[in-house]
Amino acid sequence: AAAKAVWCPACGLAALTPTTRRDVLVALAKQSILSKLHLPDRPNITQPTSRGALLTALRRIHAQQPVGTAPSPGLPHPGVGEQEYEILSFAETGSSTSRSVHLDFHFTRELAGSTEILQATLYLFWAVPSPGMHPITIRFVHPDPTGGTTPEGGGETRLEVQRDGWATLDVGQTIQNLFKQGGQRLSVELEVMEEQGSPLLAVHNDSHRPFVAARARARTPHRVQRR
Amino acid sequence: GIDCSGDSRTCCREEFFVDFKEIGWEDWIIQPEGYHMNYCAGLCPLHMAGIPGLASSFHTAVLNLIKANNADAAVDSCCVPTQRRPLSLLYYDRDSNIVKTDIPDMIVDACGCT
């Protein structure tokens with residue numbers, strides 16, 4: 001800009017040809033969105049979630065919240081320099097036997113970093129083969145060097161399933177501990193008593209795929225105010 | 001604030017929409033369909049310092065300061081966003097999780113002169 005002329009940063013754009021200006025602005029928009037999502041590049045989606053699974057999950061989450069309440073009553077709104085995320089993580093089914101099912105939930109590094117888990121719930125759909133109570137043991141495990149799995153310190157939870165339907169489990173502290181240890185994968189083992197006929201976890205029916213619904217808050221790096 | 005039109009030269013808001021389908025991002029961004037990446041452009045001569053988009057009393061105060069001091073001593077006034085809102089995104093992350101977040105201050109609604 002000439003020495004005395006008043007300079008405006010965006011006026012440089014006006015000097016560009018429309019095509020070049022558009023390319024500059026699109027590149028700026030991409031860079032701005034990726035940096036605010038803390039993504040090094042746009043994700044390559046290899047297995048998008050089916051519409052059925054997504055709609056079922058959203059219906060379950062809203063059914064879980066009393067009508068008219070805010071998504072997370074009582075939780076303070078994000079402050080300056082904080083950004084809130086709502087995450088739906090669908091299970092990857094690992095090795096299964098007639099008595100147990102292994103599920104993995106993956107969380108990306110961007111979220112696993114300096115993130116505070118405000119709420120996290122595990123949703124499981126059971127198809128009960130016969131009337132009566134069906135005890136199920138749920139434990140969180142992590143892989144051990146022998147290739148097997150070792151239960152997490154958080155112990156295990158027993159559920160009594162009586163009829164078909166969804167069951168939920170609060171996994172907020174478990175995921176927070178996982179992130180604190182720098183982990184990104186939540187592994188869950190479900191064990192049923194075979195002799196009583198196991199309530200099948202409907203993992204193969206896509207719209208009943210197990211999932212974790214979480215609310216997290218990350219601190220966005222911002223300029224430190226100099227005093 | 002004022003929206004830029006034709007050959008407006010003073011401070012105004014330039015609208016620019018990035019359609020995610022056009023840039024091949026519609027497979028990982030579920031909602032919305034695009035991003036209004038508006039920006040501020042135009043000159044802020046000294047008599048414009050403090051308008052539009054800000055309270056007129058502020059404008060008067062700025063003009064008085066300029067009159068009181070040597071006009072040349074006053075720094076340039078710049079055309080900047082005076083009103084912004086978040087961009088709400090629903091997208092797939094690298095593990096195909098579905099994430100919803102509001103990125104603050106991403107959409108410029110009004111521009112004004114500092």
Side-chain angles (χ1 to χ4, degrees), chain A residues 4-14 21-22 25-30 32-33 35-37 39-49 53-54 57-58 71 78 80-90 92 105-111 184-185 211-216 218 220, chain B residues 4 7-14 16-20 22-30 34-46 48-49 72 75-81 86-106 108 111 113:
Chain A
K4 278 310 288 168
V6 174
W7 172 246
C8 92
C11 293
L13 280 173
R21 184 184 324 159
R22 176 180 160 64
L25 287 171
V26 166
L28 206 58
K30 287 181 174 180
S32 174
I33 290 175
S35 72
K36 294 288 174 61
L37 295 181
L39 293 174
D41 200 344
R42 55 142 292 165
N44 281 316
I45 308 308
T46 51
Q47 47 187 25
T49 306
L54 179 54
L58 293 175
V80 175
E82 291 182 331
Q83 194 162 326
E84 251 187 52
Y85 297 87
E86 292 180 60
I87 306 149
L88 270 183
S89 185
F90 288 88
E92 252 180 39
F105 298 90
H106 295 270
F107 296 94
T108 50
R109 192 173 324 119
E110 293 76 37
L111 286 179
Q184 292 161 30
R185 183 175 69 177
F211 66 93
V212 168
R215 288 181 69 83
T220 46
Chain B
C4 301
D7 55 355
S8 46
R9 286 182 50 77
T10 49
C11 180
C12 56
R13 181 187 68 149
E14 193 72 61
F16 184 78
F17 183 70
V18 181
D19 185 308
F20 290 140
E22 275 181 26
I23 64 173
W25 276 18
E26 83 287 357
D27 62 326
W28 73 279
I29 295 185
I30 305 166
Y35 166 37
H36 288 275
M37 194 183 94
N38 311 324
Y39 60 92
C40 299
L43 300 174
C44 281
L46 283 189
M48 294 278 287
D72 287 348
V75 292
D76 289 337
S77 166
C78 290
C79 181
V80 294
L87 170 64
S88 289
L89 281 180
L90 184 69
Y91 65 95
Y92 284 108
D93 72 6
R94 294 193 286 173
D95 291 296
S96 295
N97 295 328
I98 294 171
V99 184
K100 177 186 175 298
T101 191
D102 296 341
I103 308 176
D105 296 337
M106 281 288 275
V108 174
C111 299
C113 293

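Below, chain A is the first sequence line, B the second, and so on; all start at residue 1. What you see is a predicted model, and the numbers here were worked out from it, not measured in a lab.
Annotation: ring pair (Phe, Tyr, Trp, His ring centres under 6.0 Å) contacts of F211(A) (sequence neighbours excluded): F90(A), Y123(A), W166(A).
Interface residue I33(A): backbone and side-chain heavy atoms are both found under 4.5 Å from chain B. Heavy atoms of E22(B) lying under 4.5 Å from chain A belong exclusively to its side chain. Looking at L89(B), the atoms closer than 4.5 Å to chain A (heavy atoms on both sides) all sit in the side chain, from C-beta outward. For chain A, the nearby part of F16(B) is the side chain; its heavy atoms alone come within less than 4.5 Å. Interface residue D27(B): backbone and side-chain heavy atoms are both found under 4.5 Å from chain A.
Each of L88(A), V26(A), N44(A) has some count of heavy-atom pairs under 4.5 Å with chain B, and the biggest count is that of L88(A).
Contact record, R22(A) with F17(B): NH1-O, 4.5 Å, taken as the closest heavy-atom pair. Annotation for N38(B) and V108(B): closest pair ND2-O, 3.0 Å, computed over non-hydrogen atoms.
Inter-residue side-chain proximity for C44(B) and C78(B) is flagged as unmet; no heavy-atom pair is nearer than 4.5 Å.
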Problem - Q83(A) and I103(B): CA distance, side-chain angles, deciding distance, side chain to side chain contact (heavy atoms under 4.5 Å, CB included) verdict - result: CA-CA 7 Å; Q83(A) 194 162 326; I103(B) 308 176; 3.6 Å; yes
